[in-house]
Amino acid sequence: ALVATSGNDRTIYVYNAHDKREKVCELRGHDHVVESLSFLCSSLLPQKGGQTKPAAGAGASSSWDYLASGSRDRTVRLWSIANDGSCLMTFRAHENWVRCVLVHPSGNHVLSCGDDRSIRVFDIKSSRCLRTIEDAHPHFVTSIAMHHNLPILVSGGVDHTVKCWQLD
């Protein structure tokens with residue numbers, strides 16, 4: 001298992017959570033504070049023919065080879081941990097700080113929200129923004145969560161409200 005941390009120094013540190021807790025890599029590239037991280041398990045990545053690999057069983061080890069990050073530099077990045085921490089893609093769609101990122105349970109998308117009051121859905125295959133929910137909240141959108149098997153996204157904001165969104 002891996003653990004990742006980030007903060008004001010704009011660097012993401014990834015550690016092996018087993019035994020020695022040694023550092024696996026440092027991810028550098030953000031120009032401001034890193035606000036949010038989300039792992040992507042490689043067993044969820046789409047394979048040829050649109051199928052996904054079956055999830056690892058209870059005793060099997062999953063390979064958490066990818067990490068999504070969101071930053072105050074207005075970017076969402078997808079990193080490869082297996083390749084010494086290289087940045088695979090950078091999404092530059094937000095107009096203000098990115099507050100939260102998450103990887104869709106399918107492994108096909110990275111979702112984000114931020115101080116521009118929007119929620120965005122990025123497609124990993126095409127490296128582009130597929131959907132934007134403008135003015136999702138009347139103030140900053142600070143958190144998002146996804147139902148594990150239904151297309152329902154939940155968002156929270158500085159306006160003290162929680163909203164549910166149907167994603168198709």
Side-chain angles (χ1 to χ4, degrees), residues 1-48 50-116 118-132 140-146 148 153 155:
L2 297 176
V3 175
T5 65
S6 64
N8 292 340
D9 67 355
R10 304 180 315 240
T11 304
I12 301 164
Y13 300 94
V14 181
Y15 298 92
N16 185 336
H18 295 295
D19 300 329
K20 297 179 184 175
R21 293 180 175 84
E22 58 196 17
K23 189 186 317 178
V24 174
C25 64
E26 293 182 13
L27 309 176
R28 297 179 187 273
H30 281 292
D31 297 327
H32 208 311
V33 174
V34 179
E35 290 278 342
S36 181
L37 303 170
S38 180
F39 278 103
L40 169 60
C41 182
S42 61
S43 67
L44 294 177
L45 288 175
Q47 303 299 306
K48 289 183 180 177
Q51 299 296 317
T52 58
K53 294 181 193 175
S61 63
S62 295
S63 180
W64 299 93
D65 295 333
Y66 302 93
L67 182 72
S69 62
S71 169
R72 290 183 185 179
D73 66 6
R74 304 176 182 187
T75 66
V76 172
R77 295 177 185 258
L78 184 65
W79 306 86
S80 170
I81 295 168
N83 294 333
D84 296 327
S86 60
C87 182
L88 301 175
M89 56 190 70
T90 302
F91 300 106
R92 302 181 190 277
H94 281 280
E95 298 170 12
N96 207 331
W97 293 359
V98 176
R99 292 293 184 167
C100 187
V101 294
L102 70 85
V103 176
H104 188 277
S106 71
N108 293 321
H109 306 97
V110 176
L111 292 86
S112 62
C113 66
D115 287 1
D116 59 2
S118 73
I119 297 170
R120 299 182 189 266
V121 179
F122 299 101
D123 183 65
I124 293 174
K125 272 188 188 174
S126 67
S127 301
R128 66 182 188 93
C129 184
L130 286 183
R131 181 173 179 189
T132 301
F140 303 154
V141 185
T142 56
S143 60
I144 50 177
M146 190 81 201
H148 66 282
L153 176 74
S155 64

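Scanning all heavy atoms of the two residues, the minimum distance from I119 to C113 falls at CG1-CB, 4.1 Å. Summarising the geometry of Y15 relative to R21, their closest heavy-atom pair is CD2-O, 3.9 Å, with the distance given to 0.1 Å. Residues F91 and S127 come closest through the heavy atom pair CE2-C, 3.5 Å. In terms of heavy atoms, N16 sits closest to L2 at CA-CD2, 3.9 Å. Pairing each heavy atom of A4 with each of I12, the nearest pair is CB-CG2, 4.4 Å. The two atoms that bring D31 and R10 nearest to each other are C-CD, 3.2 Å, heavy atoms only.
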#### Entry: Step-by-step side chain to side chain contact (heavy atoms under 4.5 Å, CB included) determination, I124 to L40
CA-CA 11 Å; I124 293 174; L40 169 60; 4.1 Å; yes

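If you take OH on Y13 and CG on L27, they are separated by 10.5 Å, rounding to the nearest 0.5 Å. Distance OG/S69 to CH2/W79: 5.5 Å, rounded to 0.5 Å. We find the CG-CZ distance between L102 and F39 to be 14.5 Å, quoted to the nearest 0.5 Å. Distance check, rounded to the nearest 0.5 Å: OG of S112 to CD1 of I144 gives 6.0 Å. For the atom pair CG (D115) and CZ (R99), the distance works out to 4.0 Å, reported to the nearest 0.5 Å.
By the 4.5 Å heavy-atom criterion applied to side chains, Y66 and S80 are counted as neighbours. Contact of the T75 side chain with the H30 side chain is registered, since non-hydrogen atoms from C-beta on lie closer than 4.5 Å.
Residue pairs meeting the salt bridge (charged side-chain N to carboxylate O under 4.0 Å, His left out) criterion with at least one partner in residues 70-81, sequence neighbours excluded, are E35-R72.
Here the side chain of S36 pairs a donor or acceptor atom with the backbone of V101 at under 3.5 angstrom. Formation of a donor-acceptor pair under 3.5 Å by the S38 side chain with backbone atoms of V103 is found in this model. When atom types are taken as modelled, the side chain of S71 and the backbone of V33 share a donor-acceptor pair closer than 3.5 angstrom.
Partners of D123 according to the side-chain contact (heavy atoms from CB on, under 4.5 Å) rule, which considers only residues two or more places apart in sequence or in another chain, are H109, K125, S126, L130. Residues forming a salt bridge (Lys or Arg N to Asp or Glu O under 4.0 Å) with E26 (at least two apart in sequence, or on another chain): K23, R28.
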